[in-house]
Amino acid sequence: ASGEAYEKRYHHCEILIVGAGPAGLAAGLVAGRSGARVLIVDEQVEPGGQLLNEAMEIGDESALAWVKRVVNELDALPNVRRLVDSTVAGYYDHNMLTVIERSPEQDWLRERLWRVRAQRVLIATGAVERPLVFPDNDRPGIMLAYSVSAYLHRYGVQVGNQVVIATNNNSAYRTAFDLARAC
């Protein structure tokens, strides 16, 4: 049946990068340009990480334009391979990693298990925003600042008319400014 087959592959590379946000893409570009065999693994379907959810600039261009330019260059390099919609499931001795690729390019294949041996591994998975702990913090309308940014910038949805922001770090200020501009 279509999409019911599974496959496994072995892969060797000099550098395995986990994460295709700004740090992972920049590292992949430097390593790829040097001629190293590079494998970039990202759990998202679209590269860019948090840059997809914020109105930022890198150098003289928008962050999204930077991501597109870097990804185009990476994809043109014969020594660089990118796996999207993929998860590093295990990290073992001597830089042996297992990767589950959920959306291989072949339509007859459901998943692929990669066993990767890397000389070096770079973990570039970004930061995880931790919620403040208070009673009923899981009620509708209570969300993390990164979620608010994603609604605003990625999906064009305003999260409310009267917003209260409580924070334990300075990343929420960017969200507050974005909300003020959106009103």
Side-chain angles (χ1 to χ4, degrees), residues 3 5-130 144-147 149-150 153-154 169-171 174-175:
Y6 296 84
E7 182 180 84
K8 65 181 173 185
R9 283 193 182 171
Y10 294 89
H11 186 76
H12 291 81
C13 61
E14 292 165 298
I15 301 173
L16 184 141
I17 300 169
V18 183
L25 292 174
L29 191 58
V30 170
R33 286 175 176 168
S34 78
R37 290 172 304 171
V38 180
L39 178 64
I40 301 172
V41 177
D42 193 53
E43 69 178 357
Q44 301 298 318
V45 176
E46 190 175 359
Q50 189 59 26
L51 294 178
L52 299 173
N53 301 330
E54 297 178 353
M56 298 185 72
E57 290 188 0
I58 298 176
D60 294 335
E61 60 189 334
S62 75
L64 295 179
W66 179 87
V67 168
K68 184 176 182 178
R69 182 176 55 77
V70 169
V71 168
N72 286 341
E73 185 174 343
L74 287 169
D75 289 347
L77 293 171
N79 53 316
V80 175
R81 170 175 270 173
R82 287 188 316 110
L83 297 181
V84 300
D85 197 15
S86 301
T87 301
V88 173
Y91 189 167
Y92 306 100
D93 292 341
H94 310 290
N95 289 340
M96 169 66 80
L97 294 94
T98 54
V99 177
I100 299 176
E101 183 183 14
R102 289 180 295 278
S103 300
E105 54 284 343
Q106 297 83 3
D107 60 356
W108 55 268
L109 191 58
R110 183 172 187 163
E111 282 185 350
R112 180 179 290 131
L113 172 69
W114 292 77
R115 292 185 180 132
V116 181
R117 178 77 68 186
Q119 288 180 6
R120 296 184 187 263
V121 177
L122 174 66
I123 307 292
T125 54
V128 175
E129 185 177 9
R130 295 175 55 195
L144 299 174
Y146 284 156
S147 298
S149 294
H153 297 293
R154 197 166 187 182
N169 64 73
N170 63 0
S171 67
R174 185 177 310 126
T175 301

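Numbers here simply count residues along the sequence, with the first being 1. Predicted model only: the values in this text are computed from it and were never measured. Heavy atoms only: backbone and side chains are in, while hydrogens, waters and symmetry mates are out.
- Shortest non-hydrogen contact noted between Val67 and Pro47 is CG1-O, 3.6 Å.
- Summarising the local packing, CZ of Arg154 is surrounded by more than 12 heavy atoms from other residues, nucleotides or ligands at distances under 6.0 Å.
- Looking at every heavy atom in both residues, Ile100 comes nearest to Ala89 through CD1-CB, 4.1 Å.
- In this structure, Arg117 contributes its side chain and His94 its backbone to a donor-acceptor pair below 3.5 Å.
- Side-chain contact between Pro104 and Glu7 is absent, with no heavy atoms from C-beta onward closer than 4.5 Å.
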Exercise. Assess whether side chain to side chain contact (heavy atoms under 4.5 Å, CB included) is satisfied between Glu129 and Gln50, documenting all intermediate values.
Key: CA-CA 11 Å; Glu129 185 177 9; Gln50 189 59 26; over 6 Å; no
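- Side-chain N or O atoms of Glu111 include none that pairs as donor or acceptor with a backbone N or O of Tyr6 at under 3.5 Å.
- Contact check for Arg102 versus Thr87: side-chain heavy atoms found under the 4.5 Å cut-off.
- In this structure, Ser149 contributes its side chain and Glu54 its backbone to no donor-acceptor pair below 3.5 Å.
- With hydrogens and angles disregarded, a donor-acceptor distance shorter than 3.5 Å links the side chain of Asn79 to the backbone of Gly32.
- Closest approach of His153 to Ala55, counting heavy atoms only: CE1-CB, 3.5 Å.
- When side chains are defined from C-beta on, Leu97 does not count as touching Trp114, because their heavy atoms never get closer than 4.5 Å.
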Practice problem: Take Leu25 and Leu51 through the test side chain to side chain contact (heavy atoms under 4.5 Å, CB included) and record every step on the way to the result. | Solution: CA-CA 11 Å; Leu25 292 174; Leu51 294 178; 6.0 Å; no
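- Residues Val80 and Asp75 are not in side-chain contact: their nearest non-hydrogen atoms beyond the backbone lie 4.5 Å or more apart.
- Proximity of Asn95 to Leu16: side-chain heavy atoms (C-beta onward) are nowhere separated by under 4.5 Å.
- A distance-only check finds a donor-acceptor pair linking the side chain of Ser86 to the backbone of Val84 [under 3.5 Å].
- Around the CG atom of Asn72, the shell of radius 6.0 Å holds more than 12 heavy atoms that belong to other residues, nucleotides or ligands.
- Between the NZ atom in Lys8 and the CD atom in Glu101 there is a gap of 16.0 Å [rounded to 0.5 Å].
- The salt bridge (charged side-chain N to carboxylate O under 4.0 Å, His left out) test applied to Arg115 returns no partner, not counting sequence neighbours.
- Taken to the nearest 0.5 Å, the CG atom of Leu39 stands 12.5 Å off from the CD atom of Glu14.
- For the atom pair Asp93 CG and Met96 CE, the distance stands at 10.5 Å (nearest 0.5 Å).
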Quiz item: Stepwise, does the side chain to side chain contact (heavy atoms under 4.5 Å, CB included) test hold for Arg174 with Met56?
Solution: CA-CA 10 Å; Arg174 185 177 310 126; Met56 298 185 72; 4.2 Å; yes
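- Contact check for Tyr91 versus Val18: no side-chain heavy atoms found under the 4.5 Å cut-off.
- Taking CZ from Arg130 and CG from Leu144, the interatomic distance works out to 11.5 Å, rounded to the nearest 0.5 Å.
- Minimum heavy-atom separation, Ile40 to Gly19: CG2-O, 4.0 Å.
- Rounded to the nearest 0.5 Å, atoms CG (Asp85) and CD (Glu46) are 12.5 Å apart.
- In terms of heavy-atom proximity, Val116 sits nearest to Cys13 at CG1-SG, 4.0 Å.
- The two residues Ala124 and Ile17 have their closest heavy-atom pair at CB-CG2, 4.4 Å.
- With a 4.5 Å cut-off on side-chain heavy atoms, His11 and Arg81 count as touching.
- Looking at Val71 and Arg82, their side chains come closer than 4.5 Å, going by heavy atoms from C-beta outward.
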